[in-house]
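Everything below concerns the one structure shown next.
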Amino acid sequence: QVQLVESGGGLVQAGDSLRLSCAASGRTFSSYIMGWFRQAPGKEREFVAAIRWSGASRYYTDSVKGRFTISRDNAKNTVYLQIDSLKPEDTAVYYCAARIGNTWSLSKNDYDYWGQGTQVTVSS
(Lines give C-alpha, C1' and ligand atoms only; values in the text may rest on other atoms or scores of the structure.)
Protein backbone atom coordinates (compact mmCIF):
# COMPACT_ATOMS: atom_id res chain seq x y z
CA GLN A 1 0.00 0.00 0.00
CA VAL A 2 1.41 3.35 -1.06
CA GLN A 3 0.88 6.39 1.13
CA LEU A 4 1.56 9.94 0.07
CA VAL A 5 1.39 12.77 2.58
CA GLU A 6 1.68 16.39 1.48
CA SER A 7 2.66 19.30 3.67
CA GLY A 8 3.90 22.86 3.38
CA GLY A 9 0.84 24.71 2.14
CA GLY A 10 -0.49 27.85 3.74
CA LEU A 11 -1.67 31.42 3.34
CA VAL A 12 0.94 33.63 1.71
CA GLN A 13 1.16 36.94 -0.10
CA ALA A 14 1.76 37.43 -3.79
CA GLY A 15 5.48 37.29 -4.53
CA ASP A 16 6.27 34.92 -1.66
CA SER A 17 7.70 31.43 -2.02
CA LEU A 18 6.61 28.07 -0.66
CA ARG A 19 8.07 24.59 -0.67
CA LEU A 20 5.59 21.75 -0.68
CA SER A 21 6.66 18.31 0.43
CA CYS A 22 5.31 14.87 -0.37
CA ALA A 23 6.47 12.04 1.87
CA ALA A 24 6.04 8.63 0.25
CA SER A 25 5.94 5.28 1.99
CA GLY A 26 4.89 1.71 1.46
CA ARG A 27 6.88 0.63 -1.61
CA THR A 28 10.17 0.92 -3.43
CA PHE A 29 9.73 3.91 -5.73
CA SER A 30 12.59 3.40 -8.15
CA SER A 31 10.26 2.87 -11.13
CA TYR A 32 7.65 5.52 -10.41
CA ILE A 33 6.81 8.90 -11.84
CA MET A 34 5.96 11.36 -9.07
CA GLY A 35 3.68 14.22 -10.01
CA TRP A 36 2.17 17.36 -8.59
CA PHE A 37 -1.31 18.46 -9.56
CA ARG A 38 -3.47 21.33 -8.37
CA GLN A 39 -7.16 22.02 -8.23
CA ALA A 40 -8.61 25.49 -7.88
CA PRO A 41 -12.21 26.02 -6.73
CA GLY A 42 -14.64 25.14 -9.50
CA LYS A 43 -11.91 23.90 -11.82
CA GLU A 44 -10.57 20.57 -12.96
CA ARG A 45 -7.50 19.08 -11.34
CA GLU A 46 -4.56 20.03 -13.54
CA PHE A 47 -1.04 18.72 -13.99
CA VAL A 48 1.76 20.93 -12.69
CA ALA A 49 5.02 18.99 -12.72
CA ALA A 50 6.50 15.50 -12.59
CA ILE A 51 9.81 13.83 -11.91
CA ARG A 52 11.17 10.35 -12.33
CA TRP A 53 12.10 8.72 -9.07
CA SER A 54 15.35 7.59 -10.66
CA GLY A 55 17.27 9.81 -13.02
CA ALA A 56 17.23 13.55 -13.58
CA SER A 57 14.22 13.97 -15.88
CA ARG A 58 11.59 16.53 -14.99
CA TYR A 59 8.51 17.76 -16.78
CA TYR A 60 6.51 20.97 -16.25
CA THR A 61 3.34 22.37 -17.65
CA ASP A 62 4.09 25.52 -19.64
CA SER A 63 2.26 27.88 -17.30
CA VAL A 64 4.59 27.19 -14.36
CA LYS A 65 7.96 26.96 -16.08
CA GLY A 66 10.46 29.29 -14.48
CA ARG A 67 8.58 29.59 -11.17
CA PHE A 68 8.04 25.97 -10.09
CA THR A 69 10.80 23.48 -9.40
CA ILE A 70 10.21 19.81 -8.67
CA SER A 71 12.89 17.81 -6.90
CA ARG A 72 13.28 14.70 -4.80
CA ASP A 73 15.32 13.31 -1.95
CA ASN A 74 15.62 9.57 -2.45
CA ALA A 75 17.04 8.99 1.01
CA LYS A 76 13.95 10.57 2.57
CA ASN A 77 11.47 9.21 0.00
CA THR A 78 10.26 12.76 -0.40
CA VAL A 79 9.36 14.86 -3.41
CA TYR A 80 9.28 18.64 -3.26
CA LEU A 81 7.64 21.41 -5.21
CA GLN A 82 9.31 24.79 -4.83
CA ILE A 83 7.00 27.61 -5.88
CA ASP A 84 8.48 31.07 -6.32
CA SER A 85 6.88 34.43 -7.11
CA LEU A 86 3.48 33.16 -6.05
CA LYS A 87 0.45 34.68 -7.75
CA PRO A 88 -3.19 34.75 -6.64
CA GLU A 89 -4.00 32.41 -9.53
CA ASP A 90 -1.77 29.78 -7.91
CA THR A 91 -4.39 29.43 -5.19
CA ALA A 92 -5.46 25.78 -5.17
CA VAL A 93 -5.24 22.49 -3.36
CA TYR A 94 -1.98 20.88 -4.40
CA TYR A 95 -1.86 17.11 -4.68
CA CYS A 96 1.02 14.70 -4.89
CA ALA A 97 0.53 11.60 -7.04
CA ALA A 98 2.46 8.49 -8.02
CA ARG A 99 2.36 6.73 -11.36
CA ILE A 100 3.71 3.21 -11.75
CA GLY A 101 6.27 2.98 -14.54
CA ASN A 102 8.53 5.46 -16.35
CA THR A 103 6.21 6.93 -18.98
CA TRP A 104 5.31 10.60 -18.61
CA SER A 105 1.64 11.49 -18.34
CA LEU A 106 -0.17 14.76 -17.75
CA SER A 107 -3.49 13.03 -17.13
CA LYS A 108 -4.70 12.62 -13.59
CA ASN A 109 -6.37 9.39 -14.70
CA ASP A 110 -2.98 7.79 -15.29
CA TYR A 111 -1.76 8.21 -11.71
CA ASP A 112 -2.25 5.34 -9.34
CA TYR A 113 -1.86 6.84 -5.88
CA TRP A 114 -2.79 10.21 -4.42
CA GLY A 115 -2.19 12.22 -1.30
CA GLN A 116 -4.86 14.13 0.56
CA GLY A 117 -3.73 17.52 -0.73
CA THR A 118 -2.40 20.70 0.85
CA GLN A 119 -4.06 24.09 0.49
CA VAL A 120 -2.13 27.01 -0.95
CA THR A 121 -3.81 30.40 -0.76
CA VAL A 122 -2.16 33.47 -2.23
CA SER A 123 -3.47 36.90 -1.31
CA SER A 124 -2.92 39.91 -3.53
Side-chain angles (χ1 to χ4, degrees):
Q1 185 73 14
V2 173
Q3 290 187 327
L4 304 174
V5 180
E6 302 97 331
S7 61
L11 173 61
V12 297
Q13 293 188 335
D16 286 349
S17 296
L18 275 178
R19 189 177 77 160
L20 308 183
S21 299
C22 171
S25 62
R27 291 188 70 103
T28 300
F29 293 93
S30 60
S31 59
Y32 277 64
I33 299 284
M34 301 299 296
W36 284 98
F37 289 74
R38 66 183 179 183
Q39 187 167 16
K43 294 189 176 181
E44 292 286 322
R45 191 172 300 188
E46 64 172 354
F47 172 85
V48 173
I51 187 169
R52 284 199 169 95
W53 201 266
S54 57
S57 297
R58 294 163 172 80
Y59 194 95
Y60 298 94
T61 193
D62 287 344
S63 63
V64 306
K65 286 180 180 177
R67 294 194 302 120
F68 287 34
T69 304
I70 190 170
S71 62
R72 69 181 190 277
D73 184 331
N74 288 3
K76 295 182 178 179
N77 269 2
T78 300
V79 177
Y80 303 99
L81 185 68
Q82 176 73 33
I83 310 175
D84 297 321
S85 302
L86 277 153
K87 304 176 181 180
E89 51 263 43
D90 294 321
T91 295
V93 178
Y94 284 72
Y95 295 91
C96 176
R99 169 173 163 76
I100 300 171
N102 279 310
T103 305
W104 296 114
S105 175
L106 279 64
S107 171
K108 61 182 184 295
N109 297 323
D110 291 335
Y111 284 75
D112 302 285
Y113 302 99
W114 292 85
Q116 82 289 350
T118 185
Q119 176 71 47
V120 173
T121 304
V122 185
S123 63
S124 57

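Positions are given from 1, in the same order as the sequence printed here. These numbers come from a predicted model, not from an experiment.
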* To do: Ignoring hydrogens and angles, tell me if any N or O in the side chain of S57 forms a donor-acceptor pair with the backbone of I51 under 3.5 Å.
  =>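 Judged by distance alone, no pair lies under 3.5 Å.
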Using the side-chain contact (heavy atoms from CB on, under 4.5 Å) criterion, which residues pair with [X]? Sequence neighbours excluded.
X    : value
S107 : S105, N109, D110
K43  : A40
V5   : Q116
T78  : S21, A23, K76, Y80

So do the side chains of [X] and [Y] get within less than 4.5 Å of each other, counting heavy atoms only?
X    : Y    : answer
Y60  : V48  : no
L11  : Q119 : no
Y113 : Y32  : yes

How would you list, by chain and number, every residue that makes a side-chain hydrogen bond (donor to acceptor under 3.5 Å, both in side chains) with [X], sequence neighbours excluded?
X   : value
S7  : none
Q3  : none
S17 : D84

Atom [atom1] in [X], atom [atom2] in [Y]: separation rounded to 0.5 Å?
X    : Y   : atom1 : atom2 : result
L81  : Y94 : CG    : OH    : 7.5 Å
L86  : L18 : CG    : CG    : 5.5 Å
T103 : R52 : OG1   : CZ    : 7.0 Å

* Asked: Which pairs with one or both residues in residues 19-119 pass disulfide (SG to SG under 2.5 Å), sequence neighbours excluded?
  ->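 Pairs touching residues 19-119 that pass the test: C22-C96.
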* Mind jotting down which residue pairs meet the disulfide (SG to SG under 2.5 Å) criterion with at least one end in residues 56-89? Sequence neighbours excluded, please. =>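 Those involving residues 56-89 do not exist here.
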* Cluster companions of V93 among Ile, Leu, Val, Met, Phe, Trp, Tyr (side-chain spacing under 4.5 Å) ->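 Taking Ile, Leu, Val, Met, Phe, Trp and Tyr as members, V93 shares its hydrophobic cluster with I33, F37, F47, Y59, Y95, W104, L106, Y111, W114.
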* To do: Keeping to residues at least two apart or across chains, list the salt bridge (charged side-chain N to carboxylate O under 4.0 Å, His left out) pairs with something in residues 90-100.
  =>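 Output for this query lists R38-D90, R67-D90.
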* Can you pull the salt bridge (charged side-chain N to carboxylate O under 4.0 Å, His left out) pairs that have at least one residue in residues 6-23, sequence neighbours excluded? ->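 Salt bridge (charged side-chain N to carboxylate O under 4.0 Å, His left out) check on residues 6-23 returns no pairs.
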* Considering all heavy atoms of both residues, which atom of S124 and which atom of A14 are nearest to each other, and what is their separation? ->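 The pair with the smallest heavy-atom distance is CA-CB, 4.3 Å.
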* **Heavy-atom closest contact (A24 atom, L4 atom, distance)** =>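 Smallest heavy-atom distance, with atoms named: CB-CD2, 3.6 Å.
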